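Right, one structure below, let's go through it.
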Amino acid sequence: MRLFNPEWEAIKEFEHQAKVRDIQFDLDGHELPEDHGDALLQALSAILPWLREEPGLGIHPIHGAASGRGTLIINRRAKLVLRVPIERLEDVKALSGKAIDLGFGSIGIGDLKAKPLIPFRYLYAPFVDMGVADEAVFLAAAQARLDELGIQAGLIPGKQRKMHTPDGDIVGFSLMLHDVTLAQSITLQEQGLGSNRNRGCGIFVPHKSIKEVAAG
């Protein structure tokens with residue numbers, strides 16, 4: 001018999017209350033650029049034009065094995081993940097069975113799986129865009145936004161990030177948030193932080209260790 005754990009029961013309850021889901025698609029291809037946020041948005045919105053304007057949408061960066069030549073190798077673990085409002089779940093299923101090209105050949109979008117958001121006290125985003133390139137100004141802007149949301153959390157910045165777009169480079173930092181309440185964890189994952197969520201910025205996921213943020 002499983003012992004009653006109040007925090008575990010609270011986690012399950014917050015999962016059900018979340019207004020968005022992560023939709024995970026299998027991928028079939030060979031390579032994609034490491035800097036692919038804008039190209040991915042362009043390719044997906046050619047299939048689903050509403051992706052550009054949907055305020056609650058986030059497109060996660062695709063994670064693959066670094067080739068050492070500016071590309072990522074698509075292996076079995078590489079997934080396309082979209083963070084989608086629940087009212088758009090049926091619409092996004094239209095991506096399954098389609099193909100995109102990010103400059104290194106066709107990438108097939110396969111079967112999908114819906115996953116709930118998991119409230120966690122440590123959250124990590126690999127790229128947060130607050131519209132500034134200075135770390136101190138970045139942290140102040142991130143803190144101001146958290147204050148607007150009524151969220152208290154510790155902030156630990158990581159590496160500076162850069163993304164190329166037709167309108168110019170986007171510059172930001174990776175960011176760890178720690179000591180977040182379970183309810184606030186869901187809010188942060190739903191709303192994100194900063195701009196360009198549809199290019200992979202400001203999307204938080206649960207993280208287990210503060211020590212790893214400097215390397216990320």
Side-chain angles (χ1 to χ4, degrees), residues 20-52 54 56-84 88-118 120 123-129 158-166 169-176 189 192 196-209 212-216:
V20 302
R21 297 287 187 274
D22 276 344
I23 306 300
Q24 177 180 289
F25 295 86
D26 293 333
L27 292 176
D28 181 17
H30 297 288
E31 289 183 86
L32 73 155
E34 287 185 354
D35 182 1
H36 60 263
D38 185 73
L40 183 59
L41 172 61
Q42 304 291 343
L44 295 179
S45 59
I47 302 171
L48 299 177
W50 58 266
L51 291 180
R52 287 186 172 276
E54 175 56 59
L57 177 98
I59 301 175
H60 291 249
I62 297 174
H63 299 288
S67 68
R69 54 181 182 274
T71 64
L72 300 174
I73 305 300
I74 297 175
N75 51 32
R76 289 186 178 182
R77 298 178 62 184
K79 306 291 181 183
L80 169 65
V81 185
L82 276 66
R83 186 158 289 176
V84 184
R88 284 291 195 178
L89 293 181
E90 290 300 316
D91 298 333
V92 81
K93 291 179 180 180
L95 289 174
S96 186
K98 302 295 194 300
I100 56 177
D101 191 334
L102 304 183
F104 291 87
S106 179
I107 300 173
I109 302 175
D111 294 336
L112 62 90
K113 179 188 300 183
K115 302 179 67 178
L117 301 185
I118 300 174
F120 207 77
L123 295 174
Y124 176 73
F127 193 144
V128 176
D129 168 28
K159 291 183 178 180
Q160 188 180 79
R161 306 294 194 188
K162 184 180 290 187
M163 181 189 303
H164 299 290
T165 80
D169 289 347
I170 298 170
V171 181
F173 295 84
S174 59
L175 183 65
M176 168 78 80
Q189 291 181 71
N196 287 297
R197 289 185 70 211
N198 56 12
R199 289 184 170 95
C201 301
I203 303 175
F204 286 93
V205 296
H207 206 272
K208 294 183 179 180
S209 173
E212 297 175 19
V213 70

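This one's a predicted model, so the numbers in the text were calculated from it and none came from an experiment.
Between His63 and Leu72, every side-chain heavy-atom pair lies at or beyond the 4.5 Å cut-off. Here the side chains of Leu44 and Ile109 are in contact, with some heavy-atom distance below 4.5 Å. Looking at heavy atoms from C-beta onward, Val171 lies in side-chain contact with Gln160 at the 4.5 angstrom threshold. Contact annotation: the side chain of Ile100 approaches that of Ile47 to within less than 4.5 Å [non-hydrogen atoms, C-beta and beyond]. With a 4.5 Å cut-off on side-chain heavy atoms, Leu57 and Val84 count as touching. With a 4.5 Å cut-off on side-chain heavy atoms, Leu48 and Asp91 do not count as touching. A heavy-atom distance below 4.5 Å is not found between the side chains of Phe104 and Leu32.
Contact between Asp38 and Pro166 at its shortest, heavy atoms only, is OD2-CD, 3.2 Å. When all heavy atoms are compared, the tightest approach of Pro206 to Phe120 is CB-CB, 3.6 Å. The nearest pair of heavy atoms linking Ile59 to Asn198 is CD1-O, 3.3 Å.
One finds the CG atom of Leu80 at 10.0 Å from the CG atom of Asp26 (value rounded to the nearest 0.5 Å). Residue Arg197 holds its CZ atom at 11.0 Å from CG of Leu82, rounded to the nearest 0.5 Å. Rounding to the nearest 0.5 angstrom, the gap separating the CD1 atom in Ile23 from the CG atom in Leu89 is 5.0 Å. Annotation: the span from Met163 atom CE to Asp169 atom CG amounts to 10.0 Å, rounded to 0.5 Å. Rounding to the nearest 0.5 Å gives a distance of 11.5 Å between CG of Leu102 and CD of Glu31.
Side-chain atoms of Ser174 come within 3.5 Å of backbone atoms of Lys159 as a donor-acceptor pair (strictly under, hydrogens ignored). With hydrogens and angles ignored, the 3.5 Å screen pairs a side-chain donor or acceptor of His36 with a backbone N or O of Ile62. For Ser96 (side chain) and Gly110 (main-chain N/O), a donor-acceptor pair under 3.5 Å exists by modelled atom type. Between the Arg83 side chain and the Gln189 main chain, a donor and an acceptor come within less than 3.5 Å of each other. Looking at Asn75, its side chain does come within 3.5 Å of a backbone N or O of Ala78 through a donor-acceptor pair.
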Can you check side-chain contact (heavy atoms from CB on, under 4.5 Å) on Phe204 and Leu175, steps first, answer last? CA-CA 9 Å; Phe204 286 93; Leu175 183 65; 4.1 Å; yes

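Under the 4.0 Å criterion applied to side-chain N and carboxylate O atoms, Asp22 and Lys115 are not assigned as salt-bridge partners.
In this model, no donor atom of one side chain and acceptor atom of the other lie less than 3.5 Å apart for Arg199 and Gln42.
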